[in-house]
Peer 1: 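Quick one: the structure is below, questions incoming.
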2 protein chains.
Amino acid sequence: MDPFMKEALLEAQKGLEEGGIPIGSVLVHNGKIIGRGHNRRIQKGSVILHGEMDALENAGRLSASLYKECTLYTTLSPCPMCSGAIALYGIPKVVVGENENFMGEEELLQSRGVTIDVLNDHNCIEMMKNFIHENPILWDEDIGE
Amino acid sequence: MDPFMKEALLEAQKGLEEGGIPIGSVLVHNGKIIGRGHNRRIQKGSVILHGEMDALENAGRLSASLYKECTLYTTLSPCPMCSGAIALYGIPKVVVGENENFMGEEELLQSRGVTIDVLNDHNCIEMMKNFIHENPILWDEDIGE
């Protein structure tokens with residue numbers, strides 16, 4: 001498994017152990033993780049701390065030029081909010097664990113010049129499928145449905 | 001002045017008094033403010049707490065159906081991240097204080113069925129113009145440039 005996706009998956013699993021929604025993300029610059037996080041809807045009552053947002057927030061304030069050399073790894077296809085954050089900061093590449101359980105704004109990001117690499121990793125797929133099956137109302141809340 | 005835009009402007013001014021970036025927002029449901037906030041980049045070292053995001057976060061976890069009856073007021077045209085959050089939660093209407101100092105993703109939101117009402121209020125315009133003039137580097141950081 002891709003070593004950075006493995007770290008994003010570990011973040012997702014940490015979220016699950018905390019009773020949260022299992023979506024994890026890491027922000028990578030020059031082969032090094034500079035921010036990591038996971039969805040905190042349950043843990044912090046947050047409506048904005050999706051996994052990708054948490055990773056970006058934990059990376060702290062960075063220069064615009066640095067974002068433009070980063071790759072964001074996320075276990076699940078990025079929703080409109082997280083895709084907007086990727087677009088805002090000009091992150092040029094996103095590696096997606098899977099888009100079978102949820103298809104985010106991949107087309108929009110691609111139209112803005114972002115490279116999207118979808119792994120459809122079976123660990124990511126199974127984890128999310130099980131969570132959605134067991135927590136359909138919570139999942140709907142997280143994606144505004 | 002529109003009473004809700006006035007409240008968003010008060011939030012922006014509060015941010016300015018705190019040494020922050022003066023962008024404020026309120027989330028309104030059935031004529032009542034249910035969330036309010038302002039940009040917290042400086043105050044909290046946050047890269048995700050734009051004014052609109054702070055207002056949504058402070059409103060807390062809401063049902064999908066409630067978001068769909070809300071109007072979001074913001075002193076400045078919403079950036080890609082905040083527009084993505086508006087799209088995620090299906091907020092149907094956004095009232096924008098001004099889009100002269102910064103043009104956000106208004107076209108994208110409109111293409112998704114969101115009603116955008118731009119006031120181009122002179123208080124909002126002057127406040128932002130002065131801030132950008134005095135803090136160009138900080139402003140560029142906030143919009144990923």
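Naming convention: chains lettered A, B, ... in sequence-line order (proteins, then strands); numbering from 1 in each chain.
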Peer 1: Are the side chain of A:Glu57 and the backbone N or O of B:Val47 linked by a donor-acceptor pair below 3.5 Å?
Peer 2: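 Yes, A:Glu57 side chain to B:Val47 backbone: donor-acceptor pair under 3.5 Å.
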Peer 1: Quiz question: by atom type and distance under 3.5 Å, do the side chains of A:Thr75 and A:Glu98 form a donor-acceptor pair?
Peer 2: no
Peer 1: Indicate, with yes or no, if A:Leu9 and A:Val94 share a hydrophobic cluster defined by side-chain heavy-atom contacts under 4.5 Å among Ile, Leu, Val, Met, Phe, Trp and Tyr.
Peer 2: no
Peer 1: Are A:Leu72 and A:Tyr67 joined in one hydrophobic group, where the rule is that I, L, V, M, F, W and Y side chains link up if heavy atoms are under 4.5 Å apart?
Peer 2: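 Linked, A:Leu72 and A:Tyr67 end up in one cluster.
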Peer 1: Answer with side chain, backbone, both or neither: which region of B:Asp142 has an atom nearer than 4.5 Å to a non-hydrogen atom of chain A?
Peer 2: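 Contact with chain A: backbone only.
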Peer 1: Against chain B, work out which of A:Lys44, A:Met53, A:Lys68, A:His50 has the most heavy-atom pairs shorter than 4.5 Å and name it.
Peer 2: A:Met53
Peer 1: Name each donor-acceptor pair under 3.5 Å that joins a side chain in residues 20-35 of chain A to protein atoms two or more places apart or in another chain, with its distance.
Peer 2:
residue	atom	partner	partner atom	Å
A:Ser25	OG	A:Tyr73	O	2.8
A:His29	NE2	A:Glu69	OE1	2.7

Peer 1: Please walk me through it: do A:Glu17 and A:Lys14 pass salt bridge (Lys or Arg N to Asp or Glu O under 4.0 Å)?
Peer 2: CA-CA 5 Å; A:Glu17 284 162 20; A:Lys14 194 190 285 185; over 6 Å; no
Peer 1: Specify which of B:Ile48, B:Ile143, B:Leu49, B:Leu56 makes the most heavy-atom pairs with chain A at under 4.5 Å.
Peer 2: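 Going by pairs under 4.5 Å, I would pick B:Ile48.
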Peer 1: For the candidates A:Gly90, A:Cys82, A:Ser46, which exhibits the highest count of non-hydrogen atom pairs separated by less than 4.5 Å from chain B?
Peer 2: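 When all of A:Gly90, A:Cys82, A:Ser46 are compared, A:Ser46 has the most.
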Peer 1: Is there any residue in residues 99-136 of chain B with a non-hydrogen atom under 4.5 Å from a non-hydrogen atom of chain A, and which ones are they?
Peer 2: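 Residues of residues 99-136 of chain B touching chain A at under 4.5 Å: B:Glu105, B:Leu108, B:Arg112.
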Peer 1: Do the side chains of A:Ile91 and A:Leu62 join up, straight or via other hydrophobic residues, at under 4.5 Å, putting them in one cluster?
Peer 2: yes
Peer 1: Please look at B:Glu141 and chain A and tell me whether the side chain, the backbone, both or neither of the residue comes under 4.5 angstrom of a heavy atom of that chain.
Peer 2: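 Both backbone and side chain.
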Peer 1: When you compare the side chain of A:Met5 with that of A:Thr74, does any pair of heavy atoms fall below 4.5 Å?
Peer 2: no
Peer 1: Are side-chain heavy atoms of A:Gln13 and A:His38 found at a separation under 4.5 Å?
Peer 2: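 Counting from C-beta outward, A:Gln13 and A:His38 never come under 4.5 Å.
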Peer 1: For B:Ile137, is it the side chain, the backbone, both, or neither that has a heavy atom closer than 4.5 Å to a heavy atom of chain A?
Peer 2: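 B:Ile137 has no heavy atom closer than 4.5 Å to chain A.
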